[in-house]
There are 2 protein chains.
Amino acid sequence: MQDTKERIVSLADQLIKTRGYNAFSYKDISDPLEIKNAAIHYHFPTKTDLGIAVIDIEVERFILLSGKWATQPEDKQLKQLFETFNKKNKEGLVCLMGSLSPDYETFPSALQEKVTGMSSTFLNWTSECLEKGREKGLFHFDGDAYDRALLVMTNLLASLLLCRVMGNKVFSRITNQLLKDLNAGK
Amino acid sequence: MQDTKERIVSLADQLIKTRGYNAFSYKDISDPLEIKNAAIHYHFPTKTDLGIAVIDIEVERFILLSGKWATQPEDKQLKQLFETFNKKNKEGLVCLMGSLSPDYETFPSALQEKVTGMSSTFLNWTSECLEKGREKGLFHFDGDAYDRALLVMTNLLASLLLCRVMGNKVFSRITNQLLKDLNAGK
DNA sequence: GTCTATACCTTGATAGAC
DNA sequence: GTCTATCAAGGTATAGAC
């Protein structure tokens with residue numbers, strides 16, 4: 001079956017977002033899927049290959065999603081982004097960037113580059129969204145749009161991490177205030 | 001020598017902040033200190049005990065430091081906090097919260113509770129600092145001080161993570177804009 | 001307080017049959 | 001494409017000598 005491969009990636013994705021890249025093993029995948037670890041190695045020769053596949057799909061999915069939002073006004077688009085994080089939070093997951101960046105130094109360079117590329121994608125999208133929204137008067141903030149994107153992304157990323165530790169309500173407190181801030185200057 | 005114990009904790013602290021809790025091993029400590037792993041187990045029977053000791057010292061150190069700042073005005077105190085993060089960034093480290101929170105689910109409950117306690121300490125301090133500073137007119141921000149503390153802490157925490165991935169300049173971009181924001185309403 | 005020695009387990013990965 | 005079988009390496013942890 002072709003979709004064994006997809007199920008492997010999907011489970012790896014979830015494991016990375018719950019336990020972290022270095023804390024999950026092939027057994028965590030082969031057991032629930034009722035296959036042997038050799039089957040995983042057939043589809044993904046090394047763990048690095050599997051990690052790369054997880055990132056590729058995440059980026060692919062985001063590009064597809066954000067493309068669908070493109071017709072909406074920028075403030076709605078940003079809320080859609082927030083909603084993707086909210087969904088992860090409800091499922092008890094953190095985002096890939098939040099999970100992978102602490103382990104970054106332990107990665108082979110091929111995987112490191114993928115993490116960097118993914119981060120760029122998210123930051124550039126957010127930056128453009130903020131900039132265009134400000135031009136239309138939908139957002140109000142000072143300074144460079146990319147700097148503002150850095151602030152927003154770090155809020156989102158770390159809010160999921162903090163929810164793990166301090167409880168789920170942290171997320172809505174952060175995002176509600178953040179959205180207010182972006183319109184505050186009105 | 002009594003300070004073997006201290007050197008073990010210090011090295012563990014650094015390893016957690018560079019490679020992550022689940023990615024460092026007793027060998028990473030015993031080799032550079034030129035001791036055997038049994039010596040580590042003498043001081044810290046389990047890896048969990050070692051992790052707890054690292055957190056305890058971090059909190060202890062913060063309480064000591066922030067106590068020294070207490071005579072300064074709140075805007076200076078906050079800048080001191082930023083400076084502790086800046087120092088970590090220059091050393092290529094992330095903060096303990098940023099490193100430990102993604103692995104939270106893999107921890108035994110004793111270690112989880114320590115992580116939660118540490119986060120509370122940092123958040124409460126920041127919240128009080130912001131609140132008092134606002135009363136004195138040193139800060140200008142909307143909403144609840146604790147919510148604002150959540151925003152500031154997530155910015156700081158994730159800025160170090162993002163520096164790993166996107167380069168070191170990210171830190172100053174984030175903190176400069178953040179400090180401007182807190183005074184912007186003036 | 002540190003050592004040697006070792007137990008025991010899990011890890012990622014490979015070879016070859018089917 | 002999946003299996004069985006196996007590997008070498010590395011992980012945490014313990015017992016007992018010094």
Could you give me the CA-CA distance, side-chain angles and deciding distance for B:S120 and A:M166, then say whether side-chain contact (heavy atoms from CB on, under 4.5 Å) is met? CA-CA 8 Å; B:S120 287; A:M166 301 296 295; 3.4 Å; yes
Can you tell me which residue among B:R134, B:K132, B:K136 is in a salt bridge (charged side-chain N to carboxylate O under 4.0 Å, His left out) with B:E74? B:K136
Side chains of A:T154 and B:N155: any donor to acceptor distance under 3.5 Å? yes
Can you see whether B:F24 has B:K17 sitting over its ring - NZ or CZ less than 6.0 Å from the centre and within 45° of the normal? no
Exactly one candidate in B:V115, B:L15, B:T106, B:L111 meets side-chain contact (heavy atoms from CB on, under 4.5 Å) with B:Y21; the answer is B:L111
Shared hydrophobic cluster for B:M118 and B:L93 (ILVMFWY, side-chain gaps under 4.5 Å): no
Under 6.0 Å between the ring centres of A:F171 and A:F85? no
By a strict heavy-atom criterion of less than 4.0 Å, which residues belonging to residues 46-56 of chain B are in contact with DNA chain C? none
Any pair with a residue in residues 110-133 of chain B that passes ring pair (Phe, Tyr, Trp, His ring centres under 6.0 Å), sequence neighbours left out, goes on the list, sorted by first then second residue, please. B:F62-B:F122, B:F62-B:W125, B:W69-B:W125
Any salt bridge linking B:R148 with B:E128? Criterion: basic side-chain nitrogen under 4.0 Å from a carboxylate oxygen. no
Given the rule in the side-chain contact (heavy atoms from CB on, under 4.5 Å) test, do B:V165 and A:M97 qualify, once you have shown the distances and angles that lead to the verdict? CA-CA 9 Å; B:V165 175; A:M97 281 171 59; over 6 Å; no
How is B:Y42 classified with respect to the nucleic acid when contacts are heavy atoms under 4.0 Å: base, sugar-phosphate, or nothing? base
Double-helix bend of the helix from C:dG1-D:dC18 to C:dC18-D:dG1, axes at both ends from 5 pairs, round to 10°, gives 10°
Whether B:D49 side chain and B:T46 backbone form a donor-acceptor pair below 3.5 Å: yes
What's the CZ-P distance between B:R7 and C:dG1, to the nearest Å? 13 Å
What pairs with A:N168 under side-chain hydrogen bond (donor to acceptor under 3.5 Å, both in side chains), at least two apart in sequence or on another chain? none
Within 45° cone of A:Y42 ring axis and under 6.0 Å: A:K5 NZ or CZ: no
Which protein N or O atoms sit under 3.5 Å from an N or O of nucleotides 7-10 of chain C?
none

Just to be sure I understand the geometry, which residues of residues 28-41 of chain B put a non-hydrogen atom under 4.0 Å away from DNA chain D? B:N37, B:A38, B:H41
